[in-house]
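Naming convention: chains lettered A, B, ... in sequence-line order (proteins, then strands); numbering from 1 in each chain. Note that this is a predicted model, so its numbers are computed, not measured.
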There are 2 protein chains.
Amino acid sequence: MVRKDCPIENTLKLINGKWKSVIIYQISTHGPCHFSELQKLIPDCSKRLLALQLKDLEKAGIIQKQVYSEVPLKTEYTLTEVGESLIPIIKSINQWGEKYTKN
Amino acid sequence: MVRKDCPIENTLKLINGKWKSVIIYQISTHGPCHFSELQKLIPDCSKRLLALQLKDLEKAGIIQKQVYSEVPLKTEYTLTEVGESLIPIIKSINQWGEKYTKN
DNA sequence: CGGCATCCATCAAGATACTG
DNA sequence: CAGTATCTTGATGGATGCCG
């Protein structure tokens with residue numbers, strides 16, 4: 001649908017998509033996270049959606065997934081370098097939101 | 001659906017929504033814009049959608065609309081102060097996109 | 001524990017036509 | 001010129017259940 005180069009939209013497509021930005025934010029402040037940790041940190045995001053968003057983020061090269069084939073299963077999500085480079089932006093968005101949006 | 005305070009999501013809801021960020025970006029670089037100018041600047045955004053997004057942005061207090069009741073009709077969209085405060089963020093998002101997304 | 005599959009409701013967005 | 005109205009469809013997200 002989008003034909004033209006549009007860096008803004010390209011970027012926003014990556015970090016939007018409901019909760020993606022929050023996931024990045026949480027991993028960046030909280031450190032590497034397990035799936036269940038993210039569930040606790042973002043309780044309003046359903047399990048299904050969380051999994052979908054994580055997959056998208058992984059495909060986009062923003063986060064990395066390490067699977068430890070233990071029992072019980074354990075995974076760990078970390079930011080890639082690309083993901084890290086997004087942190088300043090995510091933080092400034094967060095700050096702007098704190099200042100200009102009241103909830 | 002979103003219960004918890006979430007400044008990031010609040011902010012992204014404002015600037016995302018397909019083309020909103022681009023509209024802000026265009027007005028910020030191009031200066032005050034008429035409806036038809038925005039159409040030319042963002043040809044992939046349909047007329048209908050453009051109108052909707054402009055209305056949302058106006059409601060959010062990010063842009064202002066001046067209507068000149070001449071014939072033919074003329075309107076002009078400008079950024080509010082709140083809108084201006086978003087520019088640094090929009091620009092950094094744009095720069096990030098230029099660097100990290102290839103289209 | 002960390003998901004995926006399925007079904008379903010909702011919604012966002014395109015196409016087209018019409019108006020002050 | 002600057003929109004609005006209507007209709008339709010594809011994508012999004014919730015709920016639930018299953019599986020390694």
Each nucleotide N or O in nucleotides 4-6 of chain D that has a protein N or O under 3.5 Å away: list the pair and distance.
from: D/dT4; atom 1: OP1; to: B/Lys55; atom 2: NZ; distance (Å): 3.4

Apply side-chain contact (heavy atoms from CB on, under 4.5 Å) to the pair B/Gln26 and B/Thr29, showing each step before the final yes or no. CA-CA 5 Å; B/Gln26 291 295 349; B/Thr29 60; 4.1 Å; yes
Nearest heavy-atom approach of A/Tyr77 to A/Leu38 is CD1-CD1, 4.1 Å
Heavy-atom closest pair (A/Ile42 atom, A/Ile23 atom, distance to 0.1 Å) is CD1-CG1, 3.7 Å
Looking only at heavy atoms, the pair that brings B/Gly31 and B/Cys33 closest together is O-SG, 3.2 Å
Taken to the nearest whole Å, CG/B/Asp44 to P/C/dA15 is 11 Å
In whole angstroms, the gap separating C1' of D/dG3 from CD of B/Gln39 amounts to 9 Å
Original post:
Would one find a side-chain N or O of B/Ser46 under 4.0 angstrom from OP1 or OP2 of C/dA13?
Top reply: no
The correct set of residues in residues 73-80 of chain B placing a heavy atom under 4.0 Å from DNA chain D is B/Leu73, B/Lys74, B/Thr75, B/Tyr77
note: A/Leu50, atom CG; C/dC4, atom P; distance rounded to Å ~ 11 Å
From NZ of B/Lys13 across to P of C/dA12 the rounded distance in Å is 11 Å
Separation between CG (A/Asp44) and CG (A/Leu49), nearest 0.5 Å, reads 11.0 Å
Practice item. Evaluate side-chain contact (heavy atoms from CB on, under 4.5 Å) for A/Asn16 paired with A/Ser21, printing each intermediate quantity in order. Key: CA-CA 6 Å; A/Asn16 206 63; A/Ser21 55; 5.6 Å; no
From CD of A/Glu37 across to P of C/dC1 the rounded distance in Å is 12 Å
Terminal axes of the helix from C/dC1-D/dG20 to C/dG20-D/dC1 (5 end pairs apiece), angle rounded to 10 degrees, sit apart by 50°
Side-chain donor-acceptor pairs of residues 54-72 of chain A under 3.5 Å, sequence neighbours excluded:
from: A/Asp56; atom 1: OD2; to: A/Lys20; atom 2: NZ; distance (Å): 3.2
from: A/Tyr68; atom 1: OH; to: A/Glu76; atom 2: OE1; distance (Å): 3.4

A/Leu49 atom CG is separated from D/dT12 atom P, nearest whole Å, by 11 Å
B/Leu54 CG to C/dA13 C1', in whole Å, measures 16 Å
On a heavy-atom basis, the closest approach of B/Glu37 and B/Pro32 is OE1-O, 3.9 Å
Across all chains, not counting sequence neighbours, the side-chain hydrogen bond (donor to acceptor under 3.5 Å, both in side chains) partners of B/Thr11 are none
Listing, residues 83-100 of chain B side-chain donor-acceptor contacts under 3.5 Å, not counting sequence neighbours, or none:
from: B/Ser85; atom 1: OG; to: A/Trp96; atom 2: NE1; distance (Å): 2.9
from: B/Ser85; atom 1: OG; to: B/Val82; atom 2: O; distance (Å): 2.5
from: B/Ser92; atom 1: OG; to: B/Pro88; atom 2: O; distance (Å): 3.3
from: B/Ser92; atom 1: OG; to: B/Ile89; atom 2: O; distance (Å): 2.9
from: B/Asn94; atom 1: ND2; to: B/Tyr25; atom 2: OH; distance (Å): 3.2
from: B/Trp96; atom 1: NE1; to: A/Ser85; atom 2: OG; distance (Å): 2.9

A/Asp56 atom CG is separated from C/dG3 atom P, nearest whole Å, by 14 Å
| message | Can a donor-acceptor pair be found, under 3.5 Å and without considering hydrogens, that links the side chain of B/Glu9 to the backbone of A/Trp19? | response | yes
